[in-house]
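Keep in mind that the numbers below use all heavy atoms, side chains included, and drop hydrogens, waters and symmetry copies. Throughout, a chain's letter reflects where its sequence line sits, starting with A, and its residues are numbered from 1.
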Number of protein chains: 2
Amino acid sequence: MASREISQAVIRRLPRYYRYLGELLESGVERISSNELSKRMKVTASQIRQDLNNFGGFGQQGYGYNVKYLYTEIGKILGLNEKHKFVIIGAGNLGQALANYAAFENRGFVLKGLFDVNPRLAGLTIRGVEIRMMDELKDFVKENDIEIGVLTIPKTKAVEVANLLVDNGVKAIWNFAHTDLNLPDNIIVENVHLSESLMRLSYNITRYNEEHEGK
Amino acid sequence: MASREISQAVIRRLPRYYRYLGELLESGVERISSNELSKRMKVTASQIRQDLNNFGGFGQQGYGYNVKYLYTEIGKILGLNEKHKFVIIGAGNLGQALANYAAFENRGFVLKGLFDVNPRLAGLTIRGVEIRMMDELKDFVKENDIEIGVLTIPKTKAVEVANLLVDNGVKAIWNFAHTDLNLPDNIIVENVHLSESLMRLSYNITRYNEEHEGK
DNA sequence: TAGATTGTTAATCGATTAACAATC
DNA sequence: TAGATTGTTAATCGATTAACAATC
């Protein structure tokens, strides 16, 4: 089941298809045409069919797509049936928010540890997972075969910690620090730069105000 | 200073330029060529010049770009010099994380209130801002001219609350709920769908594993 | 002035949309 | 079978990259 290169644009849309199909499934819809889905999602039917056909023919002429089947298949493509052990570095508000975040489990992500520099947090547990101090990080990652590190620490520390994780076997980083990590090509990085999201919001408000309040 | 339509691709890159220029400024770099910046940011010099020239000619032939000037100008384009009053709906871990989030202030965002359904949070303050109950939301938004609502509530409530906010004068939503809001066209929505980010991470890990561990 | 580097036009590349034959 | 809708090829559109004349 090897694959041509799939464009990032397609990959970015995949989780959104998955979400909509999940909602359809919940509301008991059995089948859907690309045309009907296109209306709900506000994308073209053509794009839906093109996107899906990167991965195989999931539909049937004259019928459309079976919602449950398509949902399951996209789940497989996204790898949601596989288990991934991860740790969170930085047990502040954001780190704790993520630790409590139920979506992890549905997606196959298993939280193994939380780490922080603040000694007052040492030994506390969140959802049964202990907060440990940073000096334990290296050994913990190695011994527990941790695959993913979630970075919710200030940018000043992020690069250093990311390198430590990678040196000890971590394969992927979910990066919430406001910096680029510049890791080796074989390391997968998914950035969540909230500050950039906020600036886009600011840009759009500003542009809207300029257009509508004269000037 | 009106404007042709700027593409979303350009807008998405703008905050990243701003971040890199801020770092250059901090490290005392006075001027930079598109070529040098392109090496640091790993984009083409051509793209940098094209992007910036959507907004004006900020450089000088034979010299490059003055870092401080360009930083300031991009800040203006992003509207970071303007003040925006906002409230956070949902004072759980994520809402509290955002309330404590310093970047807001640097970007001109002023937190006016936090709202939640949990009565045990009532009256608590975060950074001097009180947590209020949801039944006060409507009047509060109206009376305080709130411009932006940040939604850190479950998706089941998000659409309803978003509509309430918009009906009472809110112009923009920073949406962390896992759903699309379908608001009127004149309302600005910036989505942060963490669950989709996580699925992209999952996809990339899975694809990488498939390629490298046989199969 | 000569060298460097921009701003901008032209060429290329990739992604989206349209169209339609295949087929359930 | 006739109607519906896919899968896929072709056409269009937009974004990125290359090239270079303008100019500091």
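Between B:D51 atom CG and D:dG14 atom C1' there is a gap of 14 Å when expressed in whole angstrom units. The distance from atom CZ of A:F55 to atom C1' of D:dG7 is 15 Å, rounded to the nearest whole Å. Here D:dG14 presents its C1' atom at 13 Å from CG of B:N54, a figure rounded to the nearest Å. When the P atom of C:dA15 is taken as reference, atom CD1 of A:I6 falls 11 Å away, rounded to whole Å. Here the P atom of nucleotide D:dT16 and the CD atom of A:Q8 are 14 Å apart, to the nearest Å. B:Q60 has its CD atom 18 Å from the P atom of D:dA22, to the nearest Å. If you take CG of B:N35 and P of C:dT6, they are 8 Å apart, rounded to a whole angstrom. Atom CZ of A:F58 is separated from atom C1' of C:dC24 by 18 Å (rounded to the nearest Å).
For the pair A:T44 and C:dT17, the criterion of a side-chain N or O lying under 4.0 Å from OP1 or OP2 is met. At least one side-chain nitrogen or oxygen of B:Q47 sits closer than 4.0 Å to the OP1 or OP2 atom of D:dT16. Taking 4.0 angstrom as the limit, A:R49 places none of its side-chain polar atoms (N or O) nearer than this to OP1 or OP2 of D:dG7. Here B:S34 reaches the OP1 or OP2 of C:dT6: one of its side-chain N or O atoms lies under 4.0 Å away. Within the structure, a side-chain polar atom (N or O) of B:Y65 is placed less than 4.0 Å from OP1 or OP2 of C:dG7. In this model, the phosphate group of C:dA15 is not approached by any side-chain N or O of A:R12 to a distance below 4.0 Å at OP1 or OP2.
Screening B:T152, B:I88, B:V150 against B:L94 for a side-chain contact (heavy atoms from CB on, under 4.5 Å) leaves a single residue, B:T152. A side-chain contact (heavy atoms from CB on, under 4.5 Å) with B:V87 holds for exactly one of B:V129, B:I146, B:N144; it is B:I146.
For A:Y63 and B:G62, each mapped to the nucleotide of DNA chain C holding its nearest heavy atom, the one lying further toward the 5' end belongs to B:G62.
Side-chain atoms of B:N35 do not come within 3.5 Å of backbone N or O of B:K39 as any donor-acceptor pair.
Of the listed nucleotides (D:dC24, D:dA10, D:dT17), D:dT17 has the atom at the smallest distance from the side chain of B:S46. Nearest nucleotide to the B:Q61 side chain, out of D:dT17, D:dT9, D:dA22: D:dA22. Closest approach to the B:N53 side chain among C:dT17, C:dT8, D:dA15 is made by C:dT8 (side chain taken as heavy atoms from C-beta onward).
Relative to the ring axis of B:Y65, B:R31 does not place its NZ or CZ within 45° and under 6.0 Å from the centre.
Among the atoms of the strands shown, only primed sugar atoms or phosphate atoms (P, OP1, OP2) are found under 4.0 Å from some heavy atom of B:R13.
For the residue pair A:S202 and B:R107, no side-chain donor N or O sits within less than 3.5 Å of a side-chain acceptor on the partner.
Pairs of Watson-Crick or G-U wobble type, with distances under 3.5 Å, assemble into runs of 3 or more in DNA chain D at these ranges: C:3-24 with D:3-24.
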A:N93 and B:N93: side-chain hydrogen bond (donor to acceptor under 3.5 Å, both in side chains), yes or no, with the steps?
-> CA-CA 6 Å; A:N93 283 117; B:N93 283 117; over 6 Å; no
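Among residues at least two apart or in separate chains, ring pair (Phe, Tyr, Trp, His ring centres under 6.0 Å) pairs with a member in residues 188-209 of chain A are A:Y208-A:H212. Within the structure, ring pair (Phe, Tyr, Trp, His ring centres under 6.0 Å) pairs that include any residue of residues 147-182 of chain B comprise A:Y101-B:H178, B:F104-B:W174, B:W174-B:F176 (at least two apart or interchain).
You won't find any donor-acceptor pair under 3.5 Å spanning the side chain of A:Q50 and the base of D:dT8, going by distance alone.
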